[in-house]
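The structure appears right after this line, and notes come after that.
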Amino acid sequence: MDQSLTTLLMRTNRQNKVLLARIKDQLSFDSLFELLYHHERPLVLRAADAIEKVTVKHQEFLRPHKLDLLRLFTTSDHPELRWHLAQLIVRVTLLPDEADEVWKILQYWARNPNESKLVRVHALQSLYDLSRIYPEFRDPFQETLTVVAHEPIPSLQARIRKLRDNLEKQALLPE
């Protein structure tokens, strides 16, 4: 484990730019990914946040960690980690059976009123993203939107409006 990464993660958020600048290749990303298994929860959460930011531009860094990511995704019981995992899981190429399993979990998170609001919002977004990749999920996604839409939670309502706007724009595009 790269001790300097750990030190940067434990400092203030102003160090984020410094940390993100250090993650330039697969090897440095691998060191960061290892921190998802650290025993200190705040460190895990900061590592997850950094991984999410890095993989916006470098999704390929997640490829070697697909199985670990799936394992964490299916076993994590920390809402603060789940919302990052919901964002990350759609950045790896999933086999059909993996996509089905991921879909079921995301759908459960999105529909579960006892789940964290942030987890639910990110699960909805990831369900949308998966439904764009796997056409068989488009109808179930619409159903999930309908089920969740009645809940008076501002963050969910805002995301639903955004996703419906995206769906309307896509419907207007010629095929």
Side-chain angles (χ1 to χ4, degrees), residues 23 25-27 29-37 44-45 47-151 155-156 158-175:
I23 309 300
D25 57 21
Q26 188 67 52
L27 190 60
F29 181 82
D30 294 348
S31 294
L32 178 62
F33 196 90
E34 280 179 34
L35 294 173
L36 291 178
Y37 293 100
V44 170
L45 300 179
D49 186 56
I51 289 167
E52 191 274 321
K53 288 176 177 147
V54 167
T55 59
V56 166
K57 292 183 180 178
H58 297 285
Q59 294 181 5
E60 70 276 8
F61 287 170
L62 282 173
R63 258 186 240 131
H65 302 285
K66 176 182 163 181
L67 293 179
D68 286 323
L69 189 60
L70 282 165
R71 191 175 307 111
L72 286 166
F73 180 80
T74 59
T75 61
S76 176
D77 57 357
H78 299 294
E80 303 91 350
L81 182 55
R82 279 184 177 176
W83 81 62
H84 289 295
L85 294 171
Q87 294 172 47
L88 293 171
I89 200 67
V90 296
R91 295 182 186 166
V92 295
T93 303
L94 299 169
L95 298 173
D97 60 325
E98 294 167 337
D100 285 339
E101 182 67 21
V102 165
W103 180 267
K104 289 174 189 169
I105 293 169
L106 287 169
Q107 200 168 42
Y108 176 76
W109 290 353
R111 291 177 175 221
N112 182 356
N114 297 318
E115 189 61 77
S116 148
K117 291 176 183 96
L118 275 172
V119 170
R120 296 181 75 196
V121 165
H122 290 299
L124 269 179
Q125 180 65 52
S126 293
L127 287 169
Y128 169 80
D129 294 341
L130 281 176
S131 75
R132 301 301 94 199
I133 299 167
Y134 303 93
E136 65 270 25
F137 293 141
R138 289 187 180 154
D139 289 339
F141 175 70
Q142 291 287 355
E143 180 186 320
T144 299
L145 272 186
T146 302
V147 168
V148 177
H150 76 279
E151 297 187 44
S155 57
L156 278 176
R159 186 56 55 115
I160 290 168
R161 277 191 304 278
K162 177 183 174 186
L163 296 174
R164 284 190 170 150
D165 286 348
N166 288 347
L167 289 169
E168 286 176 22
K169 288 175 187 169
Q170 288 174 357
L172 297 175
L173 294 175
E175 292 186 33

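Basis for what follows: all heavy atoms, side chains included, without hydrogens, waters or symmetry-related copies.
- Applying the salt bridge (charged side-chain N to carboxylate O under 4.0 Å, His left out) test to residues at least two apart or on different chains, the pairs with a partner in residues 110-136 are Arg82-Glu115, Arg111-Glu143, Arg120-Glu151.
- The backbone N or O of Tyr128 lies less than 3.5 Å from a partner atom in the side chain of Ser131, making a donor-acceptor pair.
- Legend: salt bridge (charged side-chain N to carboxylate O under 4.0 Å, His left out) pairs involving residues 92-101, not counting sequence neighbours, sorted by first then second residue: Lys66-Glu98.
- Legend: residues meeting side chain to side chain contact (heavy atoms under 4.5 Å, CB included) with Leu27, ordered by chain and number and at least two apart, are Asp25.
- For the residue pair Leu127 and Ala110, the shortest heavy atom distance occurs at CD1-CB, 3.9 Å.
- With a 6.0 Å radius and a threshold of 12 heavy atoms from other residues, nucleotides or ligands, Arg63 has its CZ atom at or below the threshold.
- The two residues Ser76 and Leu85 come nearest to each other via the heavy atoms CB-CD1, 3.8 Å.
- Contact annotation: the side chain of Gln26 approaches that of His65 to within less than 4.5 Å [non-hydrogen atoms, C-beta and beyond].
- Counting heavy atoms from C-beta on, the side chains of Leu35 and Val44 never come closer than 4.5 Å.
- Taken to the nearest 0.5 Å, the CD atom of Gln125 stands 5.0 Å off from the CG atom of Leu163.
- Classification of the Phe29-Phe33 ring pair by plane angle, with boundaries at 30° and 60°, yields tilted.
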Verdict with supporting geometry, Leu70 and Val102, side-chain contact (heavy atoms from CB on, under 4.5 Å):
CA-CA 8 Å; Leu70 282 165; Val102 165; 3.7 Å; yes
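- Heavy atoms only, all atoms of each residue included: Glu60 and Lys57 are closest at OE1-O, 4.2 Å.
- Note that CG of Leu67 is 11.0 Å distant from CG of Leu72, once rounded to the nearest 0.5 Å.
- Under 4.0 Å is where a charged nitrogen must lie from a carboxylate oxygen, and between Arg71 and Asp68 at least one such pair does.
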Would you please test Leu94 and Leu130 for side-chain contact (heavy atoms from CB on, under 4.5 Å) and show each step?
CA-CA 10 Å; Leu94 299 169; Leu130 281 176; 4.2 Å; yes
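- Residue Tyr134 holds its OH atom at 16.0 Å from CZ of Phe141, rounded to the nearest 0.5 Å.
- Looking at every heavy atom in both residues, Phe137 comes nearest to Ala99 through CZ-O, 3.8 Å.
- A donor-acceptor pair shorter than 3.5 Å cannot be found between the side chains of Asn166 and Gln170.
- A donor-acceptor contact shorter than 3.5 Å is absent between the side chain of Arg91 and the backbone of Phe61.
- Rounded to the nearest 0.5 angstrom, Phe73 CZ and Leu81 CG are separated by 11.0 Å.
- Under the rule for a ring pair (Phe, Tyr, Trp, His ring centres under 6.0 Å), His78 has no partner lying at least two apart in sequence or in another chain.
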Between His122 and Gln87, is a side chain to side chain donor-acceptor pair (under 3.5 Å) present by the stated rule, with each step listed?
CA-CA 6 Å; His122 290 299; Gln87 294 172 47; 3.2 Å; yes
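- The pair Lys53-Asp49 meets the salt-bridge criterion, with a side-chain N (NZ, NE, NH1 or NH2) lying under 4.0 Å from an Asp/Glu carboxylate O.
- A heavy-atom distance below 4.5 Å is not found between the side chains of Thr93 and Ile133.
- A side-chain contact (heavy atoms from CB on, under 4.5 Å) with Leu124 is found for one member of Val119, Leu106, Leu145 and no other, namely Leu145.
- Contact record, Pro140 with Trp103: CB-CZ2, 3.8 Å, taken as the closest heavy-atom pair.
- Not a single side chain to side chain donor-acceptor pair (under 3.5 Å) links Gln59 to another residue, sequence neighbours left out.
- Remark: Thr75 OG1 to Ile105 CD1 distance equals 9.0 Å, nearest 0.5 Å.
- Taking CG of Leu69 as the start and OG1 of Thr55 as the end, the distance is 9.0 Å to the nearest 0.5 Å.
- With hydrogens and angles disregarded, a donor-acceptor distance shorter than 3.5 Å links the side chain of Ser126 to the backbone of Ala86.
- Annotation: ring pair (Phe, Tyr, Trp, His ring centres under 6.0 Å) contacts of Tyr37 (sequence neighbours excluded): none.
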